[in-house]
Each structure stands twice: as C-alpha cells, then as structure tokens.
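Presented below is the structure to which this report refers.
Every chain is numbered from 1, with letters handed out A, B, ... down the list of sequences. Note: hydrogens, waters and symmetry copies are ignored here, and every other heavy atom, side chains too, is used.
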Amino acid sequence: MSGKKEDFAPLVPGKVRMYVCGITAYDVCHLGHARSAVVFDIIKRYLRYKGFEVTHVRNITDIDDKIIARAAKENVTYDVIAKKYTDEYYRDMEMLGVGRADLEPNATDHIREMIKTIQGLIDKGFAYSLNGDVYFEVGKLREYGKLSKKNIEDLVSGARVEVNERKRSPLDFALWKASKEGEPWWESPWGKGRPGWHIECTAMSSKYLGDSFDIHGGGADLIFPHHENEMAQSEAYTGKPFVKYWVHNGFITVDKEKMSKSLGNFFTIKEILEKYEPEVVRYFLLTAHYRSPIEFSDVQLTEAELSIDRYYSTVTRIKDFLETAGTTEKPGTSADLEKLLAAFKDKFHHAMNDDFNTASSLGFIFELIREVNRFLDSKPSGNNAKELVIKTSELLAGIGGVLNIFNKTPEEWYRSLMKVKKIELSEEELLQKIAQRQEARKAKDWACADAVRKELEAKGIILEDKKDVTAWKVKAG
RNA sequence: GGCGGCGUACCCAAGUGGCAAGGGAGAGGUCUGCAAAACCUUUAUUCAGCGGUUCGAAUCCGCUCGCCGCCUCCA
C-alpha cells in the first residue's frame, strides 16, 4: 500500500491469507498469465517453506463481456466457453508446475454474495441503481485512488471513459449490469442482470478470507482500475482496511513492449511449450525479479535451457561420483565448498526474504554448482567427501523444491528435451549406436568412433566418454 | 498532460551507502585418442549523462537524456 517494500507481518501471526486474481476464461492463456501464476505460486511455496500456514484463493471469472462475446461468436452458451478455457488453463498451469490454490471460486457460484454486497453498498449510500444497472459512486469515497495514486480530478479530466450521461460521474463503475437481449442473467433486486467485473473479488475474498487479509496479488495492469475499484467497494462496505500488502507482478515484454492480447504480440503457453521444455519456461520466469519487466525471446529461453542443463549435468556428475568414489579418505580441496555450504541457506533466505528475489537465489545455486564441481575436480574420495557431496545435492534439491524447479532426474530431463526437440531416435537405437562405437574405440578405430559421434551430434545428441562407459545427453541450447 | 517504473560488460541479470553475484557468448589454458562436461585465466577502475550530499554512492538528492507501463479491456 505504501508503494515500498515493507517488513512482512501477517494480520494473524503464522497465518497468511492471500487472494490472487486468476483469469477470465474467454481464451487460451499467454505467457503473461503464466508469469503471474508462477510468481504467486513461488510466493506461496516460499511462505509455506518458512512455516506460514497459507490460505491461497485464486478466482476464475466465468462471466463477463468477453466471455459472452466469444460464446455468441461460437454460438454456444457462456458456460461452455468458461469451462473450456478453465480446463485449458489448468492444463497449462500443471505443465508449468503451478500448484492449485486452496480455493478456486467461480464468479457465477457467488451471485448471491455479490448481490448482498451490492445491496449493502446501496444501503450505505455508496452506490445507486439506474435502470437496472447499479453503479458505485466514486465521489462518496474520499480515499478513492489511494492504491494507484491517482486523484479524482485528474481522472475526470483525463477520462477517456465512454460517457454514460446518466452516471453521476464518468468514474462511477458498474457493480451490476442489466442484461441485454440474449445475454445470460440472474435475478436481482434491480432486475435481470449480471455482476460487474470488480464485485466478484470483493464478495469472494471476504467470504473465504474475511474483510481484511494479508496479500492481494495480480498483474500490474490490474492496479487500475480493477484493484482500485475492488478496494473501494470492499472498504466502503466493511469500513475496514481491505488488504495489508498488495503484490503486483511486472509484464512480459516483446521488443520492449508489453505482451498483451490487444497488441497481438503474445505467445500462448501452449505454443511456447511446443518449442521449450516446461521447466525452461518456469526457470526463465524466475530469472528476473517479479516486479521487473522481462523480455521474452528465443535467446532468453535458450539461455534458460543451458542453465538448467548445467544443473542436471552436475547432478549426473554427483551421482557418478557417489557410485564410484573409493573408500580411501582423500579430502580434496573442500574448504570453499564447506564455506559455501555453511552459508548457503542463509543466503537463499536473505534473497527470498527480500521481496522474493528468485534471480539472486538462482545465482547462489550456480555458485554452489561451481564449488561442488571444483571439489569433484580435485578428485576426492572416501566417506567424508561423499558426505559433503550428499549434503550439497540435498541442499540443491531442497531449494529446487521450494522454487519447484530442478526436480527431475537427469534422465527425465534429457528424455523431455528429446521430445521437445523432436529428436527422431529411440533410446534403443541410441544405445545400439553407442555400443557400436565402443567396439570401434576398443579397436582404436578412431575414425569410426568419431563418425558415430558426429552422426549423433547431427541429431542433437552429445556423447560423453567416461571411464568405462559412454553417456549420452541431448544438446541443450 | 497526471502518476509510476527502468537505464549495470557483447547479451541477459542480481546488487539499493563500504572494494561490481550468477548465466550465456568470446579468447587462452588444464583434462581427453579426439571430444564433451568440468575447472582455471581473461572480457565493467566502473554502474545512461551532469551536478550535489557523504570519510565513502551503481546505491541517497537534483537536473538532463533515452526507454517502458498505467490513466480504456488487459496477468
């Protein structure tokens, strides 16, 4: 609310109530929707990891102008559209590792609550009805504009709002809209109609989280008018502060411009997942701070893929070491690794405590990766060395668990890459080629061995010769 | 016009008062039959520019330039 970072202290100690604006189910989701979902998924996971009991509500708007328009165009009822795109949404989210919210209410299941809130606002003098519509009277709320830091005069003078002559002010916004011919409707004290955009969040958040709660989130483009109006309604209705911390994520940009439906410069999640592994997309979204804009490009996604590959390569190396390390105690150069291991969790917590700095956290992960690689390069052996390496891999997995990345085995990662890169080669064929090459290598027929490697490389497969075996992986990037 | 944000190496990016994380790319090296991976060295005496505050600023203040967002549906 202050527009600054503040120390976090929930209204009820140990419990966090969080409401995040979900989607309007009228079309498939693009990467911008994914960012918002991933950001709040991380916030929830981290708060839980820190021991808070989190109640997360994420609504789905299943009735609004765009849904109605789409339904009319496809000649189906609005609920068919809403259902279809809600299902698509869940499919996308699951791919990206975004968990379900605790409560995922639909607007149309809460018409009664909304009507009650609207009636209350009328009774308190904050709203008025007009030919079956009901409007919130912005001028009645002195603090209107405090979230988006706008004042009413500026808004009025700059108003590009379509003027409805009968509204008392052009800024007054609809709580209830009378239905036109052929539109879906619900019975109300003001006649047949449907709810305005903002009222569902007011009604549903108070139903599930109470009049005041801790965190309200959504994309930065929702600050005005949506969240401003939502807060106006809620505070006018309850007389209590609505939300303690507003959290808004920044945009995805394409050529520096906001990715959006209206500009048409968007990429759907589905499209992107045809070219990139889901984990790559999630990782990419964590490489910049959640409030910063993040530029979408193939270069960025490719770099994310390379980073993840570096992680899994190291995991493989760790696994090999644990399987083959001898029992003779040989310490290796472990000082730097031990130092970092000791400090690692604090560093991670510090970064995440500071407004969920995932980019910084990822940096620490790669510092640790380098240190463990250095340690392994020093050819240690024995149980102490193993323990250090085990501790490292547990730490890495633990952090990965909080961010919900790095949770595959390297084999799963490479299989997944094979699929997404459409490499037409079965694992069986691949192993056959490798065996063939091993024969050649045994016979020191280097030309033949190199030919096989070259052949596979052309298909996107990299071979790595180890002590007695040859491992394969998919070329990242 | 009002409000808000951003500008850090070749690219991405963290850092918001005490000698500039991390990833990618480039160059050289170690290792290897050759590779790959990994590691090492190297690439910002400097953080858009100009002033100011301070023992000390990328970090605070002021101005200038450039880019973007919101003010209308939008994650």
Side-chain angles (χ1 to χ4, degrees), chain A residues 3 5 20-24 26 29-40 64-66 69 145 148-151 153-155 157-162 171 197 217-226 228 248-253 256-263 266 283-284 287-289 291-295 297 299-300 302-311 313-314 316-317 320 347 351 354 357-378 441 444-447 449-450 453-454 457 462-466 470-473 475 477:
Chain A
K5 287 193 254 188
V20 180
C21 287
I23 54 150
T24 299
Y26 77 105
C29 292
H30 65 240
L31 193 60
H33 300 98
R35 182 176 198 190
S36 184
V38 167
V39 162
F40 291 101
D64 102 311
D65 292 352
K66 282 173 300 207
S148 53
K149 299 191 175 54
K150 298 181 189 305
N151 63 61
E153 299 79 63
D154 287 347
L155 284 168
S157 64
R160 283 184 269 165
V161 188
E162 130 200 17
L171 300 182
W197 178 27
D221 45 4
L222 296 180
I223 295 172
F224 190 89
H226 181 53
E228 192 69 66
H248 291 105
N249 62 277
F251 304 124
I252 307 272
T253 57
K256 298 257 181 177
E257 279 188 321
K258 177 186 173 189
M259 180 185 285
S260 72
K261 291 291 281 194
S262 39
L263 284 171
F266 60 90
Y283 179 93
F284 160 72
T287 55
H289 185 94
R291 276 186 282 105
S292 308
I294 183 169
E295 172 79 9
S297 70
V299 173
Q300 300 290 322
T302 301
E303 287 187 3
E305 186 175 293
L306 285 165
S307 296
I308 298 172
D309 194 61
R310 180 163 159 78
Y311 180 89
S313 295
T314 304
T316 302
R317 210 176 162 204
D320 289 349
K347 291 174 97 164
D354 187 6
N357 195 334
T358 52
S360 180
S361 302
L362 294 176
F364 299 146
I365 288 178
F366 286 99
E367 272 180 24
L368 185 53
I369 296 246
R370 188 184 61 228
E371 287 309 332
V372 75
N373 272 316
R374 284 182 62 186
F375 178 59
L376 293 174
D377 275 357
S378 72
R441 289 185 73 215
K444 297 211 193 283
D445 182 353
W446 306 127
D450 288 350
R453 173 162 34 225
K454 228 173 162 187
E457 197 180 344
I462 298 281
L463 296 184
E464 284 189 21
D465 292 329
K466 300 182 185 178
T470 294
W472 64 273
K473 62 185 205 175
K475 189 173 190 316

Closest to the [X] side chain, choosing from [options]:
X	options	value
S36(A)	A75(B), A38(B), U16(B)	A75(B)
R441(A)	C34(B), A75(B), C39(B)	C34(B)
A449(A)	G33(B), A14(B), C73(B)	G33(B)
H33(A)	A75(B), A14(B), C40(B)	A75(B)
F366(A)	C71(B), G22(B), C3(B)	G22(B)
K150(A)	C73(B), G2(B), G33(B)	G2(B)

With a 3.5 angstrom cut-off on both distances, give the Watson-Crick or G-U wobble partner of [N], or none if there isn't one.
N	answer
G7(B)	C65(B)
A75(B)	none
U54(B)	none
C19(B)	none
A38(B)	U30(B)
A14(B)	none
C70(B)	G2(B)

Separation of G22(B) P from Y283(A) OH (nearest whole Å):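 Going from OH in Y283(A) over to P in G22(B) covers 13 Å.
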Separation of G66(B) atom P from E257(A) atom CD, nearest Å, is 18 Å
Mind checking if [X] touches a base, just sugar-phosphate, or nothing, with heavy atoms under 4.0 Å?
X	answer
D450(A)	base
H289(A)	sugar-phosphate
G477(A)	nothing
S262(A)	base
I365(A)	nothing

Check: Quick one: is C6(B) close enough that its OP1 or OP2 comes under 4.0 Å of any side-chain N or O from K256(A)?
Finding: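 Answer no for this pair, as no side-chain N or O of K256(A) is under 4.0 Å from OP1 or OP2.
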| task | Compare side-chain N and O positions of N357(A) against OP1 and OP2 of G15(B) and report whether any pair is under 4.0 Å apart. | result | yes
Next on the checklist: Please evaluate residues R317(A) and D377(A) with respect to the criterion salt bridge (Lys or Arg N to Asp or Glu O under 4.0 Å), reporting the C-alpha separation (whole Å), side-chain torsions for both, the decisive distance (0.1 Å), and the verdict.
Outcome noted: CA-CA 10 Å; R317(A) 210 176 162 204; D377(A) 275 357; 2.5 Å; yes
Which is more 5' along RNA chain B, the nucleotide nearest W446(A) or the one nearest L362(A)? Just name the residue.
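It is L362(A), whose closest nucleotide lies nearer the 5' terminus.
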Closest heavy-atom pair, S260(A) versus F266(A), reported as atoms and distance to 0.1 Å, is O-CD2, 3.5 Å
query: Closest heavy-atom contact between F366(A) and Y311(A)?
result: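 F366(A) and Y311(A) have their closest heavy atoms at CE2-N, 4.3 Å.
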Between A75(B) and F251(A), is there a base-stacking contact, meaning the centre of the base's six-membered ring lies under 5.5 Å from the residue's ring centre while the planes stay under 30° apart?
no
Between the base of G1(B) and the side chain of D154(A), is there any donor-acceptor pair under 3.5 Å? no
Quiz item: E303(A) side-chain donor-acceptor pair to G23(B) base, under 3.5 Å: yes
Just the table, please: protein N/O against nucleotides 35-37 of chain B N/O, every pair under 3.5 Å.
| unit_1 | atom_1 | unit_2 | atom_2 | d |
| --- | --- | --- | --- | --- |
| A35(B) | N6 | D465(A) | O | 3.4 |
| A35(B) | N1 | D465(A) | N | 2.9 |
| A35(B) | N3 | R453(A) | NH1 | 2.9 |
| A37(B) | O4' | E464(A) | OE2 | 3.4 |

- Message: What I want to check is whether the side chains of S313(A) and K473(A) have a donor and an acceptor closer together than 3.5 Å.
- Response: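 Yes - a donor-acceptor pair under 3.5 Å links their side chains.
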